[in-house]
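Have a look at the structure below before the remarks.
Note that the structure is predicted; figures quoted are calculated from it, not measured. Below, read A as the first sequence line, B as the second, and so on, with proteins coming before strands; counting in each chain starts at 1.
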Amino acid sequence: MGETTYVEAIRQGIWEEMERDENVFLMGEDIAVYGGAFKITHGMLERFGERRVVDAPLAESGIVGAGTGAAINGLRPVLEMQFADFMACGFDQITNFAAKCRYRWGQAIPMVIRAPAGGNIHGGPFHSQNVEMPYVHTPGLKVVQPATAYDAKGLIKAAIRDNDPVIYLEHKYLYRSVKERLPSRGHTVPIGKARVHRVGSDISIITYGWMVHVASEAAERAAAEGISVEVVDLRTLVPLDREAILSTARKTSKVILLHEDTLTGGLGGELAGIIGEHAFDYLDGPLVRIAAPDTPVPFSDTLEKAFLPSSDQVLEKTRWLHRF
Amino acid sequence: MGETTYVEAIRQGIWEEMERDENVFLMGEDIAVYGGAFKITHGMLERFGERRVVDAPLAESGIVGAGTGAAINGLRPVLEMQFADFMACGFDQITNFAAKCRYRWGQAIPMVIRAPAGGNIHGGPFHSQNVEMPYVHTPGLKVVQPATAYDAKGLIKAAIRDNDPVIYLEHKYLYRSVKERLPSRGHTVPIGKARVHRVGSDISIITYGWMVHVASEAAERAAAEGISVEVVDLRTLVPLDREAILSTARKTSKVILLHEDTLTGGLGGELAGIIGEHAFDYLDGPLVRIAAPDTPVPFSDTLEKAFLPSSDQVLEKTRWLHRF
Amino acid sequence: MVMMRELEDRIEKKLYRQGKVIGGCYTGRGQEAIPVGSAILSRSGDWLTPSHRDMAALLIRGITPREILAQYMGRATGLTRGRDGNMHMGCSRRHCVPIISSIGASIPVATGLAFAMRYRNESNVVFNYSGDGATSRGDWHEGLNMASVMELPIVYLCNNNLYAYSTPLDKQMRIADIAVRVESYGMPSEIVDGNDVLAVHAATERALRHARAGKGPYFIECKTFRMSGHSAHDPADYVPRGLREEWSRKDPILMLQKHMVEHAGADEQDFVDLRKRVLEEISDALEWALAQPFPDPSTLEADVYESR
Amino acid sequence: MVMMRELEDRIEKKLYRQGKVIGGCYTGRGQEAIPVGSAILSRSGDWLTPSHRDMAALLIRGITPREILAQYMGRATGLTRGRDGNMHMGCSRRHCVPIISSIGASIPVATGLAFAMRYRNESNVVFNYSGDGATSRGDWHEGLNMASVMELPIVYLCNNNLYAYSTPLDKQMRIADIAVRVESYGMPSEIVDGNDVLAVHAATERALRHARAGKGPYFIECKTFRMSGHSAHDPADYVPRGLREEWSRKDPILMLQKHMVEHAGADEQDFVDLRKRVLEEISDALEWALAQPFPDPSTLEADVYESR
Ligand SMILES: Cc1ncc(C[n+]2csc(CCOP(=O)(O)OP(=O)(O)O)c2C)c(N)n1
Ligand SMILES: Cc1ncc(C[n+]2csc(CCOP(=O)(O)OP(=O)(O)O)c2C)c(N)n1
Ligand SMILES: [Mg+2]
Ligand SMILES: [Mg+2]
């Protein structure tokens, strides 16, 4: 019983749901014969057949629209976008069609859109983007991004069982860089619940995705300096776990909002809005946002390193806020 | 010399720039022969000819892509989206192609995308949306939304002269509901500069678009109760005028962040992030966000009224914050 | 057919102008033969995705004038409970998908509806309706191509009414017949007189035989004309007078009546009676709809997600 | 041609595996005849939008192996100054638009490039390159349709290499020839052996005569084959062995050499010498590129907007 990687955890979760429910099917580019650009659907064609594991033409809008139609007509599509960046090509279908069906005519759309997101893989401007915000901003969609193998499996299973459209953002850098032992009996992780990744008392870092690990590293180093940092992993971006956000803010009174996504219009602002309005009285220091600068994601190693938030940066801000 | 409406002001601004620069041209659906769904380009075909006023097929992605190509090859396209909601159909071209050219290969894209946005016109879920945030979130794009006829004209002229892609959001409800006397000599309004719409000392309301007028109405009523409200009209959403935002916050120490767009992921969060980080020491009360609830825009009158932020709501929050 | 005509007349010419109907207001005047000649052949298991000019398809599926009028007037008992307006209506139970505004967006969705039918080995079919303008959209191309590659049971009814809003065909495409476009997808097609309800009916029968037999999608181009402005506010001055007159002589309802007189022994009186019955039903429906409540603002945030 | 082959070989087989080239790594091995046979005919005023398999088009436009290698290795002196990587390269001065990743996105952009040429009454032409997979995209449809409606000067060179990543043609479309698709746009087209540089050259000449004369766009389908994986990490096991062998015999470089021997009196030695010269130039370029600096992190936020 070895450890399971993040990428394998997603694969297991999909596999188990395919076994569990005949109405679950997969559609995407190069997912069947090839097993997917990141091999998430590897072996599924052989196991479940081409009826349920479907290679589609190169057409994101068509794929999302087809998923929506299939969901209207009783199926539970799990769509793969080869890279999250290409969701932009299906933006109208996602935000205007799928997201608004329940509200307009009471029609549920139990659909999952899986999308490999995030950087630190030398992907450059079009294979590294963090695309969550336009979807976080669209009522009717749910958005999740796991940071651990446990959550990766539990959230994909919960997403597939959910009766609303769920944007499931997988972090490409975490695919093979994180692993852990998973419970043998398939578990789910509830959508809408954050998780305290590390308990602390002086400063809270609220984050998600790969940055959970960057924050933990900084927290570890801060601990050596006598600063106790709490790291909250949001896990779900819509609906946000407001209790978890507010309770950690009220507990430590000093909050850092961290994300890999660019600063302006990023989730950090939304969190600042929630905390600045509902935990204002508890705050003993500024709401510190740490994020990538407002530029496309650079390709070159030196630039990408400087672009991505680092544990050095987080540690430095942590010290500053602690002194404040 | 009567007053000029917001809609006419935009038309004048485009007209003057067409006269001034041979490289400026217009492309969109039903803009030439028909003069545009909102008649902004009325009469321009007759004046400038079909070479410069171009009816395009029903294809937003094609139109934006064509504008980008024309801009690369030396022209200054002014594109019309029939409704801002349909920008979703050109999302990849806008956010991945046009926005990133300068950063990637130093190629300027002097292009304006005009889009009628906003509600209070019984437009329902697809003709009322406020779409600014996905573009605010995209480095490389500039985003403006005028609240007055003066700014409508000045900003469209500045946008057309700008060497970066500018998303120019026109508020449909303001088209004919606001007017004023305009200077006879064509003026421009600098992109990136906010404007104090009303001076006050107790509370700041930072907003933009139609909500500037809703805030003013509330401010007027608050004044009668002895509460002095400052209303800041951002005018430009990217780049944000951080000085203006921080100085009004530091001045009144109590800030309301107001927008017509839905709450989660809206600009209010971004503003909260800026103020909560850089004016924290000055704040004497919570950062209050007022926005539409997280739902699509409802069609029915009773629902749309309840959906849109009202001066009653703003006044109530203003009183509450003043008492705080 | 007469019901759709009169109902839309009432909505546009009376209610809209009286301000009882708000927002955009589109009609399918002159195009009634297309939804009528086709949807009449639909089975309960089939799915329909009507365009904004196909009200008759909804009526045929059992959606009532009452529901439609309540929808148009934004009442709580309308098909979208006041959440959406005008022709943006549909119903899960009666298998009608309401359009979203984005023209052409329903075409990939039709692909998915049909995919589910094939998935379950059904003999059901999707009736997809769209206009000439929709064929310029990327979604149209992606949706039709996927449907043909996957050989899905879809009958496409394309109403070529010569205009997309104010834009005539020659500014939309460099070809005379839209049917040519589906050769890109190796899809069988035919062209019919969209104002001849019997021709539409016959073509749809052929298409259904093809689709229900599992032979894949089938495309029908219906030549027709929009006998109204794009929407209630549009005088459509851009349409040449002659063109209008020419087509008004081909009014699908007149054509059908002529046929019924010549071949079914109907006479003027029958049509007068029919129209009378229709108008009565509409008045009754209108009375009902006008008495319906507007949505309760307390429900504002409901129905965005399952659990709320 | 040989330069592109050897340069890409070097990049993929050496530098990528040595980790000197990072990120995705695509080559056009086996497709060199398409950019070479066409771009050679471009004039300085023309614009090119190469795909990720058309490095030779860049070389022909005067972009040097030094710049290309510096680009691949993310150096400050590469074509995108380290901002973007691999085949995402172009140059305003030399009129090459770098692709973005979204397949098909350059097709509406080509429409706009050509629109500006017509706007200024130039006789210049846009060379647009894309693959079979791109034809499934909505952007492909919208871009070609607009170009045809507006009768713009564009020559489309479509490399039909039988696969989109792992997806064979029959899962992409229900037709054998992509050229059929452009009948949707009333666009003239022809099909050529994309591995025969002379055939590509001749077809491009015909296309240019048409386009430069103001007769609108022209489409050339080049039948070819991707003699490599989709990218460096892809063994392409999904490609039948036989197919690979069949096409390796049609290697465009061998075909050209054969022709030169038979008709231009060339002999083996000429090719050996040429290859030697090419390899020398590459080694020189590589040496130069390896000595180039990486971008200075202090420039991180530059070049997003004009005024910064
Ligand atoms: C993507 C998109 N762009 C623009 C519009 C605005 N619009 C509404 S209907 C219409 C014309 C549609 O033409 P066609 O498909 O021929 O349908 P018709 O109205 O002629 O029946 C336009 C441009 C829209 N609804 N969606
Ligand atoms: C919109 C979009 N979806 C998916 C991808 C991932 N992807 C990159 S290349 C490719 C295949 C392209 O096939 P084709 O157009 O035939 O070009 P080829 O690689 O065969 O030369 C895919 C699916 C992408 N780049 N863009
Ligand atoms: Mg039409
Ligand atoms: Mg290919």
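Residue D/Gln172 touches chain C through its backbone alone, counting heavy-atom pairs closer than 4.5 Å. Of the two parts of C/Asp177, neither the backbone nor the side chain holds a non-hydrogen atom closer than 4.5 Å to a non-hydrogen atom of chain D.
Taking the six-membered ring for Trp, D/Tyr156 and D/Tyr129 have ring centres at least 6.0 Å apart. Aromatic pair C/His141/C/Tyr185: centroids less than 6.0 angstrom apart.
Options C/Ser148, C/Ala176, C/Gly216 differ in how many heavy-atom pairs under 4.5 Å they form with chain D, and the most are formed by C/Ser148. The greatest number of non-hydrogen atom pairs below 4.5 Å with chain C, out of D/Met150, D/Met146, D/Arg174, is found for D/Arg174.
Shown are C/Asn195, C/Asp132, C/Asn159; of these, the side-chain hydrogen bond (donor to acceptor under 3.5 Å, both in side chains) with C/Thr224 is made only by C/Asn195.
Counting heavy atoms from C-beta on, the side chains of D/Glu190 and D/Tyr218 come closer than 4.5 Å.
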